[in-house]
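Worksheet: the structure to be examined is printed underneath.
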Number of protein chains: 2
Amino acid sequence: MRTKDQDKLQRIKEATVRLILREGIDGASVSKIAKEANVSPATIYIYYDSKEEMLSKVFKEYSRQSYQYLVQHIHPQMEAGELIEVIVRESYTYFVENEEIFSFVEQCSRCPTLCEQVCERECTNELMTLIHEYQRDGRIRACSDWNLWAMIFAPVRFLAMKNKDMACSCNANLDELVQMIQSVFIRHS
Amino acid sequence: MRTKDQDKLQRIKEATVRLILREGIDGASVSKIAKEANVSPATIYIYYDSKEEMLSKVFKEYSRQSYQYLVQHIHPQMEAGELIEVIVRESYTYFVENEEIFSFVEQCSRCPTLCEQVCERECTNELMTLIHEYQRDGRIRACSDWNLWAMIFAPVRFLAMKNKDMACSCNANLDELVQMIQSVFIRHS
DNA sequence: CTTCATTAAACGAACATTCATTTAAGAAAG
DNA sequence: CTTTCTTAAATGAATGTTCGTTTAATGAAG
């Protein structure tokens, strides 16, 4: 029996993500993706049942990835200010260095038909648990999970999205953002 | 001479926005939009040169609208804390009450092919000028424009987007968010 | 080792459908 | 009448998906 070529599957995923950065979610057709991946359109249907299933699976996978990346850079002994700094800085780094994936995930997460299938919550359990500990003993300000996201990730994602439009001073912006977010969650700073 | 039917144009815009909320940006075809607006596809091409032009014009118009709405509720005599509260609350209200428009704008603003044509900056001059005054005399914390957006609008938009997923406690979340954002921009609170 | 079925991956071509857009003719208003 | 709006119908191109075939990897038989 012939075995599935994992490299080919990887190429399909990357092509999807690359094309959606270039042409937007409505410009990424199956045939274009296939061409970009050097693969026959029919091959895609060996790995996925439909275009929709493909998008939502790739979406889910790459959603997870950014948080997994983040978790690697975090350890529970960190001081509160450092924790926030690392989360913000590393998120930003990841988003900028993986702009294809980032743009893809951003687009998918605004698309009602896609994000009702992908629960962001389950991608982030590990990170949440850690932050909850810091909140419980008062090292960082307690708040609802929604607001935790709203005040940490929404700002970083916004800044990362605007990265291209910014002048050369993007590092200064990031420094400032770190301080601002810290001032929300940590007293006397 | 027969006059262009402005009501028809309005119906087209609303149908566009409604359909994109339901089916996402890639599910909104010209014919579906036409049907939704009770209009022939050809009629759309009387008002717009192409689908792309149409999307970007409607996008631009509705982008402006949310800020115009906001400006109505703001006056320069406001105390700093109140200013931020009003911006956050009224933004949220607008987004939730106009979820079709909101979802449409959110989707468009993540689509690379669309947002390179629409400069968000020019929609917000009036609001920016006002905030800059507050920043200049220290009533609210000075920061780069990017971070101003990142720490005010990105969080509200995020919360508004998650509004549907939230339990009944969405008002409490909003209250908390207002406080958190105030604590970034205003000392001793 | 060499054959040779067997199995599933992979493909290019073709499918029906839908797409964005245009045409040609009718309807409405001046 | 003239002018402009409006549309149903038609356009070719492109869409997502399937078909029939070929290719490559495996294990059994000689």
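Every value quoted in this text rests on a predicted model; they were computed, and no experiment measured them.
- In this structure, the CD1 atom of B:I46 is 13 Å from the C1' atom of C:dA28, given to the nearest Å.
- The nearest whole Å value for the distance from the CD atom in B:E23 to the C1' atom in C:dC19 is 14 Å.
- Note: CD1 (B:I33) to C1' (C:dT18) measures 14 Å, nearest angstrom.
- Taking atom CG of A:D26 as the reference point, atom C1' of C:dA20 lies 12 Å away to the nearest angstrom.
- Atom pair B:K35:NZ and D:dA9:C1' shows a separation of 14 Å (rounding to whole Å applied).
- Counting heavy atoms from C-beta outward, A:C111 and B:I25 have side chains that stay 4.5 Å or more apart.
- Between the A:K32 side chain and the A:G27 main chain, a donor and an acceptor come within less than 3.5 Å of each other.
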Write out a two-atom table: protein N or O, nucleotide N or O from nucleotides 15-18 of chain D, distance below 3.5 Å.
from	atom 1	to	atom 2	distance (Å)
D:dT15	OP1	A:S29	OG	3.3
D:dG16	OP1	A:K51	NZ	2.6
D:dG16	OP2	A:V30	N	2.6
D:dT17	OP2	A:Y45	OH	2.3
D:dT17	OP2	A:K51	N	2.8
D:dT17	O5'	A:Y45	OH	3.1

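- Atom-to-atom, CD1 of B:I44 to P of D:dT6 comes out at 12 Å; the value is rounded to the nearest Å.
- Contact annotation for A:Y48: no contact, since no heavy-atom pair falls under 4.0 Å across all strands.
- Rounded to whole Å, atom C1' of C:dG12 lies 14 Å from atom CG of A:N38.
- With 3.5 Å as the limit, one finds a donor-acceptor pair spanning the side chains of B:Q107 and B:S103.
- Side-chain N/O atoms of A:K8 include none lying less than 4.0 angstrom from OP1 or OP2 on C:dA9.
- The pair A:E106-A:R110 meets the salt-bridge criterion, since a charged nitrogen lies less than 4.0 angstrom from a carboxylate oxygen.
- Under a cutoff of 6.0 Å and an axis angle of 45°, A:R139 and A:Y134 form a cation-pi pair.
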side-chain hydrogen bond (donor to acceptor under 3.5 Å, both in side chains) assessment of B:Y92 paired with B:N163: CA-CA 9 Å; B:Y92 189 83; B:N163 172 267; 2.8 Å; yes
